[in-house]
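First up is the structure itself, then whatever we jot down about it.
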Amino acid sequence: MQRRVLRIAFAAILLAGLSGCVQETVTGTNHIYTYELWVPLSTLLAGIVAIPAGWFLREKSSRFGWGLLIFGPIAAIFFAPSLFRERATVDDSGFTLRSGIWGMTAVHEVKFAELQKVRITSEETRGRRGAKRTNYYFLCECRNGTSAKVPMNNEVVKAAGPYFVTKLAELKIPIVDET
């Protein structure tokens, strides 16, 4: 019986992973990109399961058990709601992005009518242990001289990016790829 439950759980996880993690909803000219429902729910479930697992494992592996006890509630309280609220919208008027950890959400709004040009840029950063990481951005330059730096740092924005670039090309707004 236990083996059968494990097979069903493995099949469910495999199917969820193969189904993709970003959902595109098209309503008229609005394209809305969000995480699939299973992504925040599995994060919430993992955070909840980590608490009792950490409690029981702390005697066998103190570091791992206490890590689960600390990071389980953080995942359930902060990361899962953040994934529910992650959203990118591309419509006829512009591009809107809401992303970030719950309580520290960043909102980026770019109107097509105000754009002069868009540059796709990258920055290389180093982590604490010297690992290189390349971060990509849309640098949106407006007609009034201001600019907005929109990060392409998660799967929702990466999914919305090609349609955003397509809309820019339709409106004949110059796109400069500096990567």
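Note that these values count all heavy atoms, side chains included, but never hydrogens, waters or copies made by symmetry. We're numbering straight along the sequence, starting at 1.
- Cluster annotation: V165 is connected to L171 through the hydrophobic network of ILVMFWY side chains, with a link wherever side-chain heavy atoms come within less than 4.5 Å.
- For the side chain to side chain contact (heavy atoms under 4.5 Å, CB included) with D177, the lone residue among I120, V118, T121 that qualifies is I120.
- Nearest approach of P40 to Y35, heavy atoms of both residues: CD-CB, 4.4 Å.
- At least one side-chain heavy atom of S93 sits under 4.5 Å from a side-chain heavy atom of K111.
- Summarising the hydrophobic clusters (Ile, Leu, Val, Met, Phe, Trp, Tyr; side-chain heavy atoms under 4.5 Å, direct or chained), the residues clustered with L68 are L57, F64.
- Side chain of S42 to main chain of W38: a donor-acceptor pair is present (N/O by atom type, distance under 3.5 Å, no hydrogens or angles).
- When the side chains of ILVMFWY residues are joined at heavy-atom separations under 4.5 Å, either directly or via intervening members, Y137 and V110 end up in two distinct hydrophobic clusters.
- The two residues V150 and C140 come nearest to each other via the heavy atoms CG2-SG, 4.4 Å.
- Note: the hydrophobic cluster containing I175 also contains V90 (ILVMFWY, side chain heavy atoms under 4.5 Å, direct or indirect links).
- Ring geometry for F164 versus F95: interplanar angle of 30 to 60°, hence tilted.
- Here the closest non-hydrogen pair linking I51 and L69 is O-CD2, 3.4 Å.
- Hydrophobic clustering, with ILVMFWY side chains joined whenever heavy atoms are under 4.5 angstrom apart, groups V22 together with Y136.
- Proximity of a side-chain donor or acceptor of R98 to a complementary backbone N or O of E86 within less than 3.5 Å is not detected.
- Nearest heavy atom pair, residue S122 against residue T134, reads CB-CG2, 3.9 Å.
- Within the model, atoms CG of L97 and CG of N154 stand 7.0 Å from one another, a figure rounded to the nearest 0.5 Å.
- Taking 4.5 Å as the limit, every side-chain heavy atom of E124 sits out of range of all side-chain heavy atoms of R133.
- The line from CZ of F84 to OG1 of T43 is 9.0 Å long, rounded to the nearest 0.5 Å.
- You'll find the side chain of S99 stays beyond 4.5 Å of the side chain of V156, heavy atoms only.
- One distance of note links CG of D92 with CG of N30; it measures 7.5 Å at 0.5 Å rounding.
- In the displayed structure, Y163 atom OH is contacted under 6.0 Å by more than 12 heavy atoms of other residues, nucleotides or ligands.
- For the atom pair T25 OG1 and R87 CZ, the distance stands at 8.0 Å (nearest 0.5 Å).
- Between E59 and F56, every side-chain heavy-atom pair lies at or beyond the 4.5 Å cut-off.
- Between T179 atom OG1 and M152 atom CE the span is 8.0 Å, to the nearest 0.5 Å.
- Nearest heavy atoms, G72 versus A50: CA-CB, 3.8 Å.
- Grouping the Ile, Leu, Val, Met, Phe, Trp and Tyr side chains by contacts below 4.5 angstrom, directly or via other members, places I77 apart from V49.
- Going from atom CD of E24 over to atom CD1 of I32 covers 10.0 Å, rounded to the nearest 0.5 Å.
- Listed here is the closest heavy atom pair of I173 and K117: CG2-CA, 4.0 Å.
- Counting heavy atoms from C-beta on, the side chains of E114 and R143 never come closer than 4.5 Å.
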